[in-house]
Amino acid sequence: MDCSCSNFRTSTAPLSWTPTSSSRFKYRSFKRFNFNKHSMVAMRVSESGENGSLNRFPFTPNKLFMQEAIGAEYGEGFVSFRPDGPMKVDVDFLNDRLQEGFLQRIRYAMKPDEAYGLVFSWDNVVADTQTLKLNSWKQLASEEGKRVPEDGDMQKLMLYAGADHVLQKLLRWGMAESELDRLQSRFSQLYYRGLLSLKTPVDGLKEWLDAVSTARIPCAIVSSLDRKHMLEALDRMSLKKYFQAIVTEEDGMESMAHRFLSAAVKLDRKPSKCVVFEDDPRGITAAHNCTMMAIALIGAHPAYDLVQADLAVASFNELSVINLRRLFANKGSTFMELQKQNVEKAPLKRKLTIDTIF
């Protein structure tokens with residue numbers, strides 16, 4: 001198989017995808033690895049009907065309400081399926097094959113900011129989904145004649161645990177399995193209904209995206225949402241034009257790290273040249289597993305939970321493009337490796353003898 005660098009040149013044009021209700025599955029070429037003629041990736045399409053959606057909302061809770069695996073603990077990536085067998089795409093493979101071409105190296109030498117790629121997590125980084133989820137739980141509790149605990153630690157667990165875990169272990173409403181399925185579906189509907197009213201991004205995000213857009217730094221957004229609702233939400237917040245790549249549920253990534261790697265491929269940037277914006281310590285770990293830098297947004301988690309991030313800020317208003325350059329300023333082949341320190345020896349003292357001339 002030809003693994004030349006040209007195989008990994010991709011377009012950075014915004015992705016567009018329009019689902020149809022006549023088919024359950026659609027297929028598209030996996031162009032990022034030059035598998036246009038061979039490899040096909042299945043994409044699920046939400047459709048109306050008893051197996052599809054109810055009132056435009058997914059009927060069955062998806063990964064959005066489950067705790068995702070971190071992934072890439074040993075640098076492993078995802079698997080691309082081809083007619084001649086599966087092909088494993090890991091972190092080292094992408095860092096090696098997504099090397100800049102000769103002309104790109106010249107351009108990046110003159111405009112170094114363009115060599116970077118920014119990856120934004122959807123939850124609490126682009127949109128305030130923390131409040132949205134909590135309100136959905138409270139509305140569900142009100143409909144069922146129950147109540148949500150006011151304890152802050154309990155509510156924090158509810159925001160990051162799966163829907164089934166919240167119902168069985170945290171709220172302990174003591175219902176049968178069929179009732180739990182119904183509640184999970186209802187919670188999904190309430191969440192997506194609230195998503196339709198979400199029109200304002202996180203404070204300072206739009207100004208930051210304007211700045212990186214001026215510097216011509218490509219951006220990607222990753223989420224467990226389906227593509228249709230993601231694009232609609234970005235349109236309502238007037239953010240769609242800023243993102244050259246979108247990774248959603250249809251991409252079939254199994255962990256947080258795999259989503260970040262998929263975003264790097266779509267941006268045509270090496271993982272080691274990407275910066276992930278996260279609010280979750282688990283997402284920061286996933287970014288580092290992918291050899292990416294991580295900037296943490298303080299809010300959903302306190303600052304002391306985000307110490308592993310390369311940079312932590314309270315708001316996007318604190319950032320400037322120069323911060324990105326500083327993140328990579330000391331990074332190199334020997335960065336963070338053990339170094340031998342040369343200790344200068346003190347000069348020998350001159351000994352006076354009887355024949356010393358003054």
Side-chain angles (χ1 to χ4, degrees), residues 10-33 35-36 38-49 51-54 56-69 71-72 77-82 86-87 89 94 119-123 125-127 129 162-163 185 188-189 191-192 195-196 198 218-237 239-240 242-268 276 283 286 290:
T10 62
S11 172
T12 57
L15 299 178
S16 60
W17 175 67
T18 305
T20 60
S21 60
S22 60
S23 61
R24 184 171 180 82
F25 292 91
K26 282 187 178 291
Y27 297 91
R28 62 179 173 84
S29 302
F30 199 24
K31 297 180 181 179
R32 281 161 291 285
F33 292 95
F35 296 153
N36 311 52
H38 306 289
S39 178
M40 308 297 282
V41 178
M43 299 176 62
R44 290 187 296 172
V45 181
S46 298
E47 57 181 346
S48 60
N51 294 326
S53 61
L54 180 62
R56 296 184 63 212
F57 306 113
F59 186 78
T60 304
N62 55 14
K63 292 182 181 179
L64 183 67
F65 311 112
M66 302 178 185
Q67 191 175 60
E68 285 188 283
F78 50 88
V79 178
S80 173
F81 294 95
R82 305 198 315 156
M87 175 183 176
V89 181
L94 292 179
V119 181
F120 294 80
S121 178
W122 164 257
D123 291 323
V125 174
V126 174
T129 58
S185 299
S188 176
Q189 295 173 22
Y191 179 86
Y192 279 98
L195 189 65
L196 293 179
L198 195 62
C219 300
I221 184 170
V222 299
S223 173
S224 298
L225 280 171
D226 60 281
R227 191 175 302 265
K228 177 177 180 291
H229 287 91
M230 170 59 69
L231 293 176
E232 289 178 352
L234 291 177
D235 271 335
R236 285 192 300 273
M237 293 187 287
L239 297 180
K240 184 179 177 181
Y242 295 109
F243 295 103
Q244 287 72 44
I246 300 175
V247 180
T248 56
E249 183 187 15
E250 286 83 359
D251 289 278
M253 299 294 109
E254 297 179 352
S255 65
M256 303 169 77
H258 290 177
R259 293 186 188 279
F260 296 155
L261 291 175
S262 178
V265 172
K266 292 185 177 185
L267 291 177
D268 196 20
V276 173
C290 298

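Throughout, numbering of the chain's residues begins at 1 and tracks the sequence.
Judged as a side chain to side chain contact (heavy atoms under 4.5 Å, CB included), and not counting sequence neighbours, the contacts of Ala220 are Ala245, Ala263, Leu267.
Nearest heavy-atom pair across Phe260 and Ala286 is CE1-CB, 3.8 Å. Nearest heavy atom pair, residue Asp226 against residue Glu250, reads CB-OE2, 3.4 Å. Between His258 and Glu254, the shortest heavy-atom distance links the atoms ND1-N, 3.9 Å. Shown here for Ser262 and Met253, the closest heavy-atom pair between the two residues is CB-SD, 3.9 Å. Here the closest non-hydrogen pair linking Ser255 and Gly71 is OG-CA, 3.6 Å.
Using a distance-only test at 3.5 Å, with no hydrogens or angles considered, a donor-acceptor pair links the side chain of Gln244 to the main chain of Cys219. At least one donor-acceptor pair under 3.5 Å links the side chain of Arg259 to the backbone N or O of Ser223.
Summarising the geometry, atom OH belonging to Tyr192 is positioned 11.0 Å from atom CD belonging to Glu232; distances are rounded to the nearest 0.5 Å.
Leu195 places a side-chain heavy atom less than 4.5 Å from the side chain of Leu225. Lys266 has its side chain within reach of Asp251: a pair of non-hydrogen atoms, C-beta onward, lies under 4.5 Å apart.
Each of Thr248, Leu234, Val222, Ile246 was evaluated against Trp122; a single residue qualifies, Leu234, per the side chain to side chain contact (heavy atoms under 4.5 Å, CB included) test. Here the options are Val247, Val119, Leu94, the test is side chain to side chain contact (heavy atoms under 4.5 Å, CB included), and the partner is Leu261; only Leu94 passes.
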